[in-house]
Amino acid sequence: MIDSKAVGRIIDKYDQTKLAIGTLGSHSSLNIFKGAKEEGFRTVCICKEKDVIMYQKYPLVDELIIVKDFTELLNEKLQEHLRNLNVVLIPHGSFTAYLSTEQLTDNLNVPMMGNRQLLHWEANRKSQEEWLRQAGLRLPATFQSPDDIDRLIIAKLQGAKGGRGYFLANSPKSFYKKADEMIKRGLITKEDIDKIHLQEYALGVNVYPSYFSSILNDDVELLAMDRRYESAVDSIGKIPAQEQLEIDVIPTYTVVGNFPIVLRESLLPEVMRMGEKVHKKARELAPPGIIGPFCLETVITDDLKIYCFEISARIVAGTNVGIGTSPYAYLRYGENMYMGRRIAMELKEAVKQKRLHEVVA
Ligand code: AMP
Ligand code: AMP
């Protein structure tokens, strides 16, 4: 485990007047780079050859480092290069999707904005649930064994990408039948079934509020809100029920984009309190708690209960809907504030206050 002392030693050697913001070229990198540029930082992008066009079309990157695979971020030579460029990395969904938690906590010798300790709490569904429950949030019930299923549930694979391979069942019988079909279709493996997470299906609409936890200001800000556009689940309604039955569709949740959302205003106080509570609990579990962006994945039911089923303790791609501005960022900051810029603002302020070591790990 790379601890804060080790990161502190790296930061001490940095020329903080020339700090650069770096990240992997995917997910929310344009958001991050635009914000970094607007706050006057140099930017460094670790990118695959096939994606270079994005950074040619949008002039946001000062230094492009081409890799074959994102796991090259673990190479000591590349890391040395990043350190020489005074890079602070901003982790996003592609970090956790293409690198393991252990690799991120143990083998990445480059300062990262955020709290590395929390990665372990976040990576494991059980500990994540414990965190959210102890924070006092409302969670969907979970089931230990498929044989206990007594209502509509969603079966989730460990570490699934974009909900691919998720399926619904409402009894042990339907679970085993669906699981069998999914295996036959090659969507999941037998091993996945042993590690599958069974969660009560909260019937309602998805809302993903994104917050920013400022260690410098000791405050949690609500900055953006989105919902996802998921294939195939969002397309099933286009087929009449008769055909749905005939082709026997199994809904999958592969994310292809996001929509901005503004919430019914009377729901906002609870959403704000949820963010506060989650950070407060994190502060107990892994001080100083969440550093920077985080997002709660919620479902709101027709009796206006807010269920939280997951947390991402980092920037989520849903904040891309707010590049430029979002109503919630506007209410707090006026024009031109969004997650990428808020990140850069915090780093800039940390340098100014000589507190950079408090916001990186
Ligand atoms: P990618 O680099 O696009 O493969 O993204 C890495 C991870 O982030 C994947 O597991 C995706 O499911 C997730 N992700 C990417 N884009 C979005 C998005 N727009 N909304 C929600 N999740 C996303
Ligand atoms: P996740 O991988 O946990 O982000 O879930 C992917 C998608 O599955 C979400 O965007 C939701 O549409 C759906 N989903 C996950 N968990 C639940 C739940 N407990 N109840 C209802 N829908 C869910």
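For ligands, and for the atoms within them, numbers begin at 1 and follow the listed sequence. Start at 1 with the first residue, then count along the sequence.
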Problem - Side chain, backbone, both or neither: the part of His92 lying under 4.0 Å from ligand 1 by heavy atom - result: neither
Problem - Region of Ser26 engaging ligand 1 - heavy atom pairs below 4.0 Å - result: side chain
Ligand 2 contact on [X] by region, counting heavy-atom pairs under 4.0 Å:
| X | answer |
| --- | --- |
| Tyr201 | both |
| Tyr166 | side chain |
| Glu230 | side chain |

Exercise for the section: For Tyr208 and ligand 2, answer yes if some heavy atom of the residue is under 4.0 Å from a ligand atom, otherwise no. Expected result: yes
With heavy atoms of [X] as the reference, note each atom of ligand 2 found under 4.0 Å away.
| X | result |
| --- | --- |
| Glu310 | 1 (P), 3 (O), 4 (O) |
| Pro140 | 19 (N) |
| Arg228 | 4 (O), 10 (O) |
| Lys156 | 3 (O), 15 (C), 16 (N) |
| Glu297 | 1 (P), 3 (O), 4 (O) |

Practice task
Report yes or no: does Asn336 contribute a side-chain atom to a donor-acceptor pair with the main-chain N or O of Thr325 at less than 3.5 Å?
Solution key: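 Side chain of Asn336 to backbone of Thr325, a donor-acceptor pair under 3.5 Å: no, none is there.
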Handout entry: Backbone of Cys47 reached by a side-chain donor or acceptor of Asp51 within 3.5 Å
Key = no
Do the charged groups of [X] and [Y] touch, with an N to O distance under 4.0 Å?
| X | Y | answer |
| --- | --- | --- |
| Glu297 | Arg228 | yes |
| Lys37 | Asp62 | yes |
| Lys195 | Glu191 | no |

Exercise for the section: Assess whether side chain to side chain contact (heavy atoms under 4.5 Å, CB included) is satisfied between Gln16 and Asn86, documenting all intermediate values. Expected result: CA-CA 7 Å; Gln16 293 191 14; Asn86 304 297; over 6 Å; no
Give the numbers and elements of all ligand 1 atoms closer than 4.0 Å to a heavy atom of [X].
| X | value |
| --- | --- |
| Asn258 | 18 (C), 19 (N), 20 (N) |
| Gly93 | 6 (C), 7 (C) |
| Ser94 | 1 (P), 2 (O), 5 (O), 6 (C) |

Practice task
State whether the shortest distance between N or O atoms of Ala202 and N or O atoms of ligand 2 falls below 3.5 angstrom.
Solution key: yes
Practice task
Using distance alone, determine whether Asn206 and ligand 2 share an N or O pair under 3.5 Å.
Solution key: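 The answer is yes, given that Asn206 and ligand 2 share an N or O pair closer than 3.5 Å.
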Exercise for the section: May I ask you to check if Lys348 and Phe41 form a cation-pi contact, with NZ or CZ under 6.0 angstrom from the six-membered ring centre and within 45° of the axis? Expected result: no
Problem - Spacing of Leu223 atom CG and Ile315 atom CD1 [to the nearest 0.5 Å] - result: 10.0 Å
Fill in the blank from the handout: Connected to Tyr58, directly or through other members, by ILVMFWY side-chain contacts below 4.5 Å are Leu30, Phe33, Val52, Met54, Tyr55, Leu60, Val61, Leu64, Ile66
Handout entry: Pairs satisfying ring-ring contact (aromatic ring centres under 6.0 Å, His included), at least one member in residues 180-221, at least two apart
Key = Tyr211-Phe294
